[in-house]
Every structure is written in C-alpha cells, then in structure tokens.
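Labels below follow one simple rule: chain letters A, B, ... track the order of the sequence lines, proteins then strands, and each chain is numbered from 1.
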Amino acid sequence: MDSALVQILVLIISALAIAGLVWLNARLGGWTPARVESLAAARAVLEFDVIGFRAAQGVLAADGRAALFTEDGGERLGLVTALGDGLVSRALGAGDVRAVDRDGAGLKLALNDYTYPAVTLTLADEDEAESWRRAIEALTAAGARQNAVEASA
Amino acid sequence: MNELPNPIYFAIPAFIALIIAEMIHARSTRRVNYEPSDTAASLIMGLGNTVSGVVLGFIAIGWFVYIERFAVFDIGFVWWAFILAFVLDDFVYYWSHRFAHTVRWWWADHVVHHSSQHYNLSTALRQPWLSPLTLKFIFFGSWLVLIGFPPAMVAFVGALNLVYQFWIHTEAVGRMPSWFEAVMNTPSHHRVHHATNPRYLDRNYAGVFIVWDRMFGTFEPERDDEPCRYGIVKNLGTRNPLKICLHEWLGIINDVRNAKSWREALGYWLGPPGWSPDGSRLSSKLIKQRWAEQQSRREVGENPATQPAE
C-alpha cells in the first residue's frame, strides 16, 4: 500500500482509538475529582512542591477547589488548586499575579502564568476576602515597583 | 534509503490493548491512576507527535541522508549490526536524554513527556510535537550514521528503543527480578525518573539498559519509604494540548526578550531549566541542594547530639 495512505490510515485509527480509550476511562470511573480537603493537606502539597516555602496563615475556598497561604518568614503567597483528580500549586511572588478582583466574599485571581487558569475562591465573608485581596494587591504592587525600577535602571 | 518497517506502527495495537488492560487493572485495584482529561491530553499529545513526525520528519531524514556520505565504514544490513546499533543507539539515547533534562532548549521539548501528574501507560505516549525543530538529532543522531550504520537501521533501532520504553510507564508492575533490575530499565527505575521528589530529580535517564546510569553516576533506586510524586517542578494547571506543547517555548521567548544582556539571554536559552541570573528560580541542582540542607537541619533537630560544638 502507498506509504502516505498507510500514514493517513494510522492517524485515523489512532484518533478513533483515542476517543475510545477516553470514553472507556470515563465509563470505568475509579477516580475522584480532587478537592482541597483541608488546610493541612494543602499545606503539605505546597511545601512539597515549592522547596523552602513554609506556609503560615491559610484560607480554604468554600467549594474546596482552592486554598491560599501567606509565607512564614517570606513575602510570597502560596496557592493550591484542584485539577482533575490532583492538586496543583504555585508560590506567588512579586509580579506573578496579573489581577485580583473581589466580588462580595468571592476573590478572583488571574496569574501571569500561561498554564494556570484564573482561580475564584469564595471565602467565609467579605472581610476575609478583602483582607486577602489587600495582601495580593500588595504583592502585585511590589511587582509593579520592581518592574519600574528595572525599567529605569 | 533502504526501507525498514516502523516498529511503532506495529506496536500501536499492543499499546491500545495494554492501556485498556491497565485501565481495568486501575479500576479494580486502585494501584494505578487514570483520569479522563489527563488521559485525553496524553493521547492527543501522542497523536500530535505522530503527525509532527510525518510533517517535520523530512528535516531529520534530509540531514541523515546528507551525512551518510561522510560515514567512516560501510556496515550494511548485516544481522550483528542491528544488535550493535541497538546497544550504541541506547548509549546515545542516554546522553541525548540527559541533555534534554539539563539544557532548557531541549527541555522545552521534552518537558511535554513529564508534564502529567499521572504515571500510567498513556503517559508513555505523551510526547512533544516540535522535536525536529530543536535540531537535537544533529548532535545525538549523527554518530551512528557517521560510523557507518545505515540511517534506516538507526531509525529502526531507535523506534525499537521507544517501543521498549512504553511498558515501563506503569505503577502496575512493582519490581522485576533482581538480575533484570540490574541491567534493564524497568518500571521501578523509570518511576524514579518521572518523580519530582528532590532525591529523584534528574536521575535514571536510561532508555533500555539502566547500566548507563550506573556507569555515569545518575542511578537512583526507588525507595519504599519515599513514594514517587509525578509531574514537573511547576505542574501545569491545564490539560490544553497546545499549552502543554508550547508553554516552555513561550517561557524561553519571554525570558530571552526580557534578558538584560547577551549572557543572560544565553543562560535562559541554553542553561539548565530553572536557571536565572540571580538564582531566584530553582534549577534541579538548587532544589536538590536546598532539600539536602533541609534534611540535614531536620536530622540535627531530631538528634541534637549530632549538633557540632561551637
């Protein structure tokens, strides 16, 4: 058979096989959508993922999809979010947060990270959300100052 | 160029059957994890890799056909040459793989394969799309052709090497018999390679024979008291195949664009992944160093008698 035809055939069969395997995976189940079960669990993930990060004060989103931490002895913030059946974390330094918005007790964070989608955390009340918004804002302001210094240097 | 079949095409049905078997095993034993969005991302990356091989493969083929004329020997298609080429190709693979972890330009391509936080047979197929553009084949693929092995033979044994590596991407197999673990790359050795635990980072680069790691000081055994945590140092928050494919390339472009000098730009491009001029980011070496410091502090904390006298 013509080799181009073989290649096209392989691609078509592969695409069908992928669809079939993903369908089978979904039908078989056996995984649990991830939740940040507790602050202790989120802290453990963060401190494993980011060597040297020691989490201090933390807050857990009401839906268990994310947690935020301040850093003990540092200025960074720690973020842990659920993805699929696992957790993903980041240490956020100056310049890592693109925008932070508060809507009532909800806090929306957009990162300067192409691979990390915006995160919304619903916290206990407006005061708590506002205090975290200020902490994040301070971080973004520090980033902006750092950029300005670097640009003028 | 003499035509040899592509072993990967023949292995595809076995790949599919084994993935199905592992999924069923995962469901019944919970010893392996499969999650549909991760599986879909891995398999789509695998399909894209096949497409890119067809679309961009001519770059490497053209190069090998060109350099064939400079070969020192004319080895030809004799049976023993296949065996020798297989072993030598695996040796070259070890070094190519090692550089793929230590030079960011090549890591940007290879990171795709490590980007899943799962470790199952679908992870084996999570492969990059732009490999020919990194020109790694010039640095590591040319040797065997220049010695005199026919390019088709080199491609054939290289594909066999990749077929072998499929089955080692699993948590379903614990440890193989000790003689096998001593010589061959196994699921246990390769789990270590995919782990982000500082102890395991940048270890076990082997393709087929683990002896290369033992010879060159990069071997690390899997420990029962330290389960592997899979993925990359900064795990991706997305399953989008395009982002999986491009994220590190965009990172390089961004860093090089913002570099303050040529030296910095070069460091961001060809330095180790995680390199930064002020050390504010963490390369594997720095992570291992900090982890070792952390461990020794912990040991001192647990056993004050070992504290040095001041």
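- With A/F53 as the aromatic partner, A/R76 does not meet the cation-pi criteria of under 6.0 angstrom to the ring centre and within 45 degrees of the ring axis.
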**OP:** May I have the step-by-step check of side-chain contact (heavy atoms from CB on, under 4.5 Å) for A/R90 and A/D96, ending in yes or no?
**Re:** CA-CA 10 Å; A/R90 287 287 184 277; A/D96 287 339; over 6 Å; no
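- With a threshold of 4.5 angstrom between heavy atoms, B/I287 approaches chain A through its backbone and through its side chain.
- Comparing B/M23, B/R229, B/R30 by heavy-atom pairs within less than 4.5 Å of chain A, the highest count is held by B/R229.
- With hydrogens and angles ignored, the 3.5 Å screen pairs no side-chain donor or acceptor of A/R43 with any backbone N or O of A/S38.
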**OP:** Start with the C-alpha distance between A/R134 and A/E137, add both sets of side-chain angles, then the distance that settles salt bridge (charged side-chain N to carboxylate O under 4.0 Å, His left out), and finish with yes or no.
**Re:** CA-CA 5 Å; A/R134 271 194 242 115; A/E137 199 100 278; over 6 Å; no
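- Among B/N197, B/I19, B/L246, the residue with the largest count of heavy-atom pairs under 4.5 Å with chain A is B/N197.
- Residues of residues 49-59 of chain B that come closer than 4.5 Å to chain A, counting heavy atoms only, are B/T50, B/V51, B/V54, ordered by residue number.
- Contact annotation for residues 116-131 of chain B against chain A (heavy-atom separation below 4.5 Å, listed by residue number): B/Q117, B/H118.
- For residues 10-18 of chain B, heavy-atom neighbours of chain A at less than 4.5 Å comprise B/I12, B/I16, sorted by residue number.
- Both the backbone and the side chain of A/A15 come within less than 4.5 Å of a heavy atom of chain B.
- Nearest heavy atom pair, residue A/S89 against residue A/L46, reads CB-CD1, 3.8 Å.
- In plain terms, the two heavy atoms of A/L123 and A/A129 that are nearest each other are CD1-CA, 3.7 Å.
- One N or O on the side chain of B/R27 and one on the backbone of A/L28 form a donor-acceptor pair closer than 3.5 Å.
- Heavy-atom pairs under 4.5 Å with chain B were tallied for A/L21, A/L11, A/D49; the largest tally goes to A/L21.
- Smallest separation of non-hydrogen atoms from B/R191 and B/E171: NH1-CA, 3.8 Å.
- The parts of B/I24 that come within reach of chain A are both its backbone and its side chain, each placing non-hydrogen atoms under 4.5 angstrom from that chain.
- Of the possible donor and acceptor atoms, one in the side chain of A/T70 sits under 3.5 Å from a partner among the backbone N and O of A/Q57.
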Original post:
Taking it one step at a time, do A/L39 and A/F69 satisfy side-chain contact (heavy atoms from CB on, under 4.5 Å)?
Top reply: CA-CA 9 Å; A/L39 280 178; A/F69 289 93; 3.7 Å; yes
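- The closest side-chain heavy-atom distance from B/Y34 to B/E22 is below 4.5 Å.
- We find the NE2-CE distance between B/H113 and B/M45 to be 12.0 Å, quoted to the nearest 0.5 Å.
- Heavy-atom minimum distance, A/V36 versus A/R65: CG2-C, 3.9 Å.
- Minimum heavy-atom separation, A/W31 to A/N25: CZ3-O, 3.4 Å.
- Between B/P198 and A/I51 the shortest side-chain heavy-atom distance falls below 4.5 Å.
- Minimum interatomic distance between A/Y116 and A/L111 (heavy atoms only, all atoms of both residues): CD2-CD1, 3.6 Å.
- Listed for the A/K108 side chain is no donor-acceptor partner under 3.5 Å among the backbone atoms of A/T120.
- Identified by a heavy-atom distance below 4.5 Å to chain A, the contributing residues of residues 230-243 of chain B are B/V233, B/K234, B/N235, B/L236, B/G237, B/T238, B/R239, B/L242, B/K243, in residue-number order.
- Taking the six-membered ring where tryptophan is involved, the planes of B/W107 and B/H101 are tilted, since the angle between them lies from 30° to 60°.
- With a threshold of 4.5 angstrom between heavy atoms, B/A40 approaches chain A through its backbone and through its side chain.
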**OP:** Kindly determine whether B/D38 and B/N33 satisfy side-chain contact (heavy atoms from CB on, under 4.5 Å), including the steps that lead there.
**Re:** CA-CA 10 Å; B/D38 176 80; B/N33 292 313; over 6 Å; no
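- For the pair B/S37 (side chain) and A/G84 (backbone), a donor-acceptor distance under 3.5 Å is absent.
- Interface summary for chain B: among A/L87, A/T81, A/V22, the most heavy-atom pairs under 4.5 angstrom belong to A/V22.
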